[in-house]
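Below is one structure, written out as structure tokens; comments come after it.
First listed ligand is number 1; within each ligand, the first listed atom is number 1. Start at 1 with the first residue, then count along the sequence. Computed from heavy atoms alone, side chains included, the values below leave out hydrogens, waters and symmetry copies. Nothing here was measured: the structure is a model prediction, and the numbers come from that model.
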Amino acid sequence: MNLNIALLAGDGIGPEIIEQAVKVTNAVCERRGHTPIYKEGITGAAAIDKVGEPYPEETHKICMESDAVLFGAIGDPKFDNNPKAKVRPEQGLLAMRKKLGLYANIRPVSTFPSLLHKSPLRPELIENADFVAIRELTGGIYFGRPQGRSEDGNTAYDSSVYTKEEIERICKLGFEYAQKRRKKLTVVDKANVLATSRLWRETAQGMEKDYPDIEVEYMFVDNAAMQLIQWPKRFDVIVTENMFGDILTDEASVITGSLGLLPSASIGLHTSVFEPIHGSYPQAAGKNIANPIATILSAALMFENAFNLKEEAEIIRDAVKKSLEADAVTEDINKEKSLTTSEVGDWLVNYIRQNY
Ligand code: IPM
Ligand code: MN
């Protein structure tokens with residue numbers, strides 16, 4: 001099968017981690033008789049430097065014409081401490097999500113037995129923790145208008161906006177994921193304070209009757225933040241709005257042991273995007289030290305979700321599991337004895353060639 005994949009490496013460690021994901025994708029394709037066809041697009045600070053905007057039309061076209069997008073990371077510190085910067089690299093990521101209609105960001109969180117001791121949380125609390133966070137991705141405070149500053153510059157405002165339709169389509173996905181899993185859905189909101197959250201809750205409650213097999217609970221986000229690390233095993237599927245999902249999933253990475261391990265799939269109206277949940281880690285850019293696993297596991301999600309190639313996804317997951325067991329890991333996981341980014345990629349490629 002031909003796999004048309006758009007590669008958007010982006011900024012910071014993006015190019016290095018994408019390179020490893022491509023190596024692993026190629027190895028899987030080689031063993032299983034697929035032909036990957038890559039098209040590269042520029043995005044983020046790299047694109048601002050070249051053409052003045054972080055998600056150029058040409059890149060959007062490449063994404064639209066592909067079957068999947070493999071995305072590295074976006075962000076550059078030269079924009080961070082400059083509140084006056086007119087365009088920011090992150091706007092490229094947001095524009096891509098909006099223009100591709102990627103309303104759902106799926107972030108599976110589970111532990112690796114060989115890494116239990118890496119988490120600051122006690123092993124017995126996290127062993128076998130396994131849940132999926134579904135984050136709404138094209139609404140809420142990230143996109144609501146009005147947003148900006150007063151004329152004198154001394155007042156700033158953002159707006160959180162959600163329509164019933166937006167809430168319904170993401171909650172539907174939440175219910176469906178729960179049906180495929182342990183049949184428990186946690187709707188996270190702040191309905192004691194926010195009007196949007198009250199609409200979320202009302203909407204989800206209205207859908208319950210269509211999913212009688214699902215046990216639904218409603219939880220305030222502050223409480224969810226606490227329970228997530230206190231007793232992560234209680235969660236099966238979490239569905240929540242854009243910013244709550246952003247924050248809770250970074251927090252959830254503590255359960256796995258490193259932010260460098262968590263993949264994600266963004267799905268919606270057009271081409272799906274597969275990207276690590278971490279950022280561009282500028283301090284590590286070009287040093288060949290970043291952990292490529294989150295991106296490689298995102299490639300596994302790509303095989304499964306974009307191409308319906310489940311066994312191929314399992315090959316990648318097996319290889320990653322074996323590499324962690326063999327302690328073939330980057331320095332975020334083992335400071336004393338670590339491999340470089342590209343060595344981890346090589347390890348996985350060799351494993352796949354030898355075992356499949
Ligand atoms: C993420 C990132 C982005 C977000 C940033 C880079 C805009 O943190 O994908 O979680 O906030 O959505
Ligand atoms: Mn984030």
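Residues Q227 and N223 have side chains that bring a donor and an acceptor to within less than 3.5 angstrom of each other. In the model, Y38 has a side-chain atom that pairs as donor or acceptor with a side-chain atom of N26 under 3.5 Å. A side-chain donor from one of D332 and S258 sits under 3.5 Å from a side-chain acceptor of the other. Between the side chains of N4 and S66, no donor-acceptor pair is found at a separation under 3.5 Å.
Residue-ligand proximity: H278 is placed with every non-hydrogen atom at 4.0 Å or more from ligand 1. Contact annotation: R97 has at least one heavy atom less than 4.0 Å from an atom of ligand 1.
Among protein heavy atoms, atom 3 (C) of ligand 1 sits closest to L93 CD2, 4.0 Å. The protein heavy atom nearest to atom 4 (C) of ligand 1 is Y142 OH, 3.5 Å. Protein heavy atom in closest approach to atom 1 (C) of ligand 1: R107 NH2, 3.5 Å.
Ring planes of W200 and Y162: perpendicular class, angle over 60° (limits at 30 and 60°).
Salt bridge status for K287 with E331: absent, with no side-chain N to carboxylate O gap under 4.0 Å. We find that K23 and E19 are not joined by a salt bridge, their nearest charged nitrogen and carboxylate oxygen being 4.0 Å or further apart. The existence of a salt bridge linking E304 and R317 is confirmed by a sub-4.0 Å separation between a basic side-chain nitrogen and an acidic carboxylate oxygen.
Set against the non-hydrogen atoms of D246, the atoms of ligand 1 under 4.0 Å away are 1 (C), 4 (C), 8 (O), 10 (O), 11 (O). Distances below 4.0 Å separate heavy atoms of R135 from the following atoms of ligand 1: 1 (C), 4 (C), 9 (O), 10 (O), 11 (O), 12 (O).
Both tests do not hold together for K99 against Y55: distance to the six-membered ring centre under 6.0 Å, angle to the ring axis within 45°.
Take the Mn ion (ligand 2) and draw a sphere of radius 2.8 Å; the protein N/O/S atoms inside it number 1.
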